[in-house]
There are 2 protein chains.
Amino acid sequence: MKSERNARKTVSRAPTLEDVARAAGLSPMTVSRALNTPNIVRPATVAKVMEAVKVTGYIPNLLAGSLASRRSKLIAVVVPQINNNMFVDTVQSLSDELAVRGYHLLLCVAGYSHESETDIVSTLLSRRPDGIVLTGIHHNTELKKAIINTGLPVVEIWDLTPTPIDMLVGFSHEKIGNAIGEYLLNKGHRRFGFIWTDDKRAMLRKKGVLDVLNRQGDCQWQDALVPLPATMALGRSGLGALLKSGQTFDAIICSSDTLAQGAIFEAQTHQLRVPQDIAVMGFGDLDFAACNIPAITTVNIDRWKIGKDAATLLADKIEGVPVEEGIVDIGFTLMERESA
Amino acid sequence: MKSERNARKTVSRAPTLEDVARAAGLSPMTVSRALNTPNIVRPATVAKVMEAVKVTGYIPNLLAGSLASRRSKLIAVVVPQINNNMFVDTVQSLSDELAVRGYHLLLCVAGYSHESETDIVSTLLSRRPDGIVLTGIHHNTELKKAIINTGLPVVEIWDLTPTPIDMLVGFSHEKIGNAIGEYLLNKGHRRFGFIWTDDKRAMLRKKGVLDVLNRQGDCQWQDALVPLPATMALGRSGLGALLKSGQTFDAIICSSDTLAQGAIFEAQTHQLRVPQDIAVMGFGDLDFAACNIPAITTVNIDRWKIGKDAATLLADKIEGVPVEEGIVDIGFTLMERESA
DNA sequence: TTGTACGCGTTATCAG
DNA sequence: CTGATAACGCGTACAA
């Protein structure tokens, strides 16, 4: 029974448009249209195609489609270490919003170094994304040139600058620093401790704080630098280090809520009441900040909105929808609670 | 000066292999080889190519490359809501390890529903990934069939079953439940409260606990179900609800450390000392568990290892490296601390 | 070690 | 509304 019909190679490739077309008695092009733009195809034809798709188990090949159409429906996203609680929510909302528009996320975790960002982006570029999301506004010039050369829509997030590569959704870290500084000065604090990671954005916030403190004049401060990623343990050891210096502090300013929570616990072990003996201030307004005991005074950023706005800007620009304002300052809110 | 040479369309497309070849005075194929397998090309030729690449600003088009070679160097990863602290680390290590091997991550957040997982995976499949990472082992059958049909390497993670689709890196939620139950029984506890999310894996752990409690006989328990995602606030309200029922409890078992931390804070507000008046147990061993006050007794999972192992299994299988054991139980460790 | 012919699976374009 | 043809940019397979 060695039938001639089975002579063709039986290495069952995945079914293609042509297979579907054959099954439906149509041309591949019609099948393509029935799948992508059903409204310009006769309903009866569409039905035939759908049936054939089901029968063959056809799954479109977007590699081929993207190559031919020059649109990949792919968005490259570069974040510095995703295991930072802040970025995760942004990526999540970015993913959600983009999915609705039919885009997929090509995710890249760049670490906080610039070299790797370059490598990563050029690798990403080779996937021919339709748009790019970059965290931060400090990229090395070579990279920046490469991206600009592609002419691709870009959204930079989590930072503010009047001169983004293209579009931007962020907020001013310096202003947040200012707000923190003013808030604590108003509360009468003059001796400050910083528990701080040394990434660029955190340092900008610190500069914002110091500008205000310097203007005041009679302030003093001391640093406890901690490595990334910021953990509660680092918050504890950070405050421990500050206290061991022999200095006394009115207020501890932390570059994240996680550090702040650690500092608050550590204060307990030194019989320091928060905020009566020592105030502790965080940043980020993470889930736990509001219901910690004491509730953590911090700065709220709408990190979901960053993702959502970035997605909308990007998708709109890709699809030719006129974008009114390419620079979005989503602002921030100082959340006065109990810890400071 | 309207030169004939500029007659060709000036819509500056991105440079292609052919442009580089022309610039280098070589054939496109040689350029391709110089880029992908430099070791089989004469060094001088490689150098010429590299120069031409720099001059032209060439960025490879992986869409075309993948289409031709039938290898996309793309790994599809499906996770249920990434803003769960546990998965983030796994995704991170997956990304890191895969990047080393030259693969990119196509990330999809599926939520906890099955319907969306199907949509998502078929969409992902259309990108022709070289491998798939699925969270969990419960997928609807249609989806499962589609994936099996592709013949693609698959790694299921965060669960254990003797019959995975293909490969698996996980641990037994039931055994963890057993361990928690036995541990607390040994401590003399008999009246339990559960603060629990109702996702499948958490429920498996609960079943593990209950199996042990039932075997003991003289136990009683009560539930406080909370929605996803688990937050500290839900831990607080969960314990609040349990206490309001009028029952008393020896031990509170939480489906995550985040809930446990909330429960511990809430206990404070009810003048309940942890663990003297009430024990609290978590799950996950997140960063803060060890340095919370009291330190949280919990179950440690090496979530980085899950990602790393999954990446290795996948990359090995894709590249034809013989895979010894496709089912990896990474186990768990009950971390006895202060809270229970 | 390098080059040539062809195919990968789809969409753009233009013709019917 | 549907079909034929020619790209899309690269890698495979083989020839030189």
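Chain letters run A, B, ... following the sequence lines, proteins first and then strands; every chain starts at 1. Note: hydrogens, waters and symmetry copies are ignored here, and every other heavy atom, side chains too, is used.
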Consider the side chain of B:Val41, meaning its heavy atoms from C-beta on, and name the nucleotide among D:dT2, C:dT10, C:dT2 that approaches it most closely.
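Nearest nucleotide to the side chain: C:dT2.
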
Among D:dG3, D:dT2, C:dT1, which is the nearest nucleotide to the side chain of A:Arg42?
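Looking only at heavy atoms from C-beta outward on A:Arg42, the closest nucleotide is D:dT2.
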
What's the separation between atom [atom1] in [X] and atom [atom2] in [Y], rounded to the nearest 0.5 Å?
X	Y	atom1	atom2	value
B:Arg128	B:Leu152	CZ	CG	9.5 Å
A:Phe87	A:Arg303	CZ	CZ	11.0 Å
B:Ile59	A:Leu125	CD1	CG	4.0 Å

Could you write nucleotides 11-16 of chain D as a row of B, S and -, 5' to 3', where a protein heavy atom under 4.0 Å of any base atom gives B, of only sugar-phosphate atoms gives S, and otherwise -?
BBB---

Hey, are A:Lys308 and A:Asp96 close enough for a salt bridge, meaning a charged N less than 4.0 Å from a carboxylate O?
no

Is it true that A:Thr30 and A:Ser27 share a donor-acceptor pair across their side chains at a distance under 3.5 Å?
yes

Whole angstrom is fine here: how far is it from [atom1] in [X] over to [atom2] in [N]?
X	N	atom1	atom2	result
A:Leu125	D:dG9	CG	P	15 Å
A:Leu62	C:dT11	CG	P	8 Å
B:Arg22	C:dG3	CZ	P	14 Å
A:Lys73	C:dT11	NZ	C1'	15 Å
A:Leu63	D:dC8	CG	P	18 Å
A:Leu67	C:dG9	CG	P	12 Å
A:Glu18	C:dT11	CD	C1'	14 Å
A:Arg128	C:dT10	CZ	C1'	17 Å

When the nearest nucleotide of DNA chain C is assigned to A:Tyr58 and to B:Asn39 on a heavy-atom basis, which residue is associated with the more 5' position?
B:Asn39

Which atom names give the shortest non-hydrogen contact between B:Thr56 and B:Asp19, and what distance separates them?
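Heavy-atom minimum between the residues: CG2-O, 4.2 Å.
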
Are any of the side-chain heavy atoms of A:Leu17 and A:Tyr58 separated by less than 4.5 Å?
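A side-chain contact under 4.5 Å exists here.
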
Would you call A:Val154 and A:Ile148 a side-chain contact if the rule is heavy atoms closer than 4.5 Å?
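They are not in contact (no side-chain heavy atoms under 4.5 Å apart), so the answer is no.
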
For C:dT2 and B:Thr30 - does any side-chain N or O of the residue sit under 4.0 Å from the phosphate oxygens OP1/OP2?
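Answer no for this pair, as no side-chain N or O of B:Thr30 is under 4.0 Å from OP1 or OP2.
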
Phosphate OP1/OP2 of D:dG9 contacted by A:Arg70 side-chain N/O (<4.0 Å)
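The answer is yes; a side-chain N or O of A:Arg70 sits under 4.0 Å from OP1 or OP2.
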
Have a look at the helix from C:dT1-D:dA16 to C:dG16-D:dC1 and give the angle its two end axes make, five pairs each, rounded to 10 degrees.
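Computed angle between terminal axes is 30°.
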
Side chain to side chain contact (heavy atoms under 4.5 Å, CB included) between A:Trp158 and A:Val169, intermediate numbers included
CA-CA 7 Å; A:Trp158 277 87; A:Val169 182; over 6 Å; no

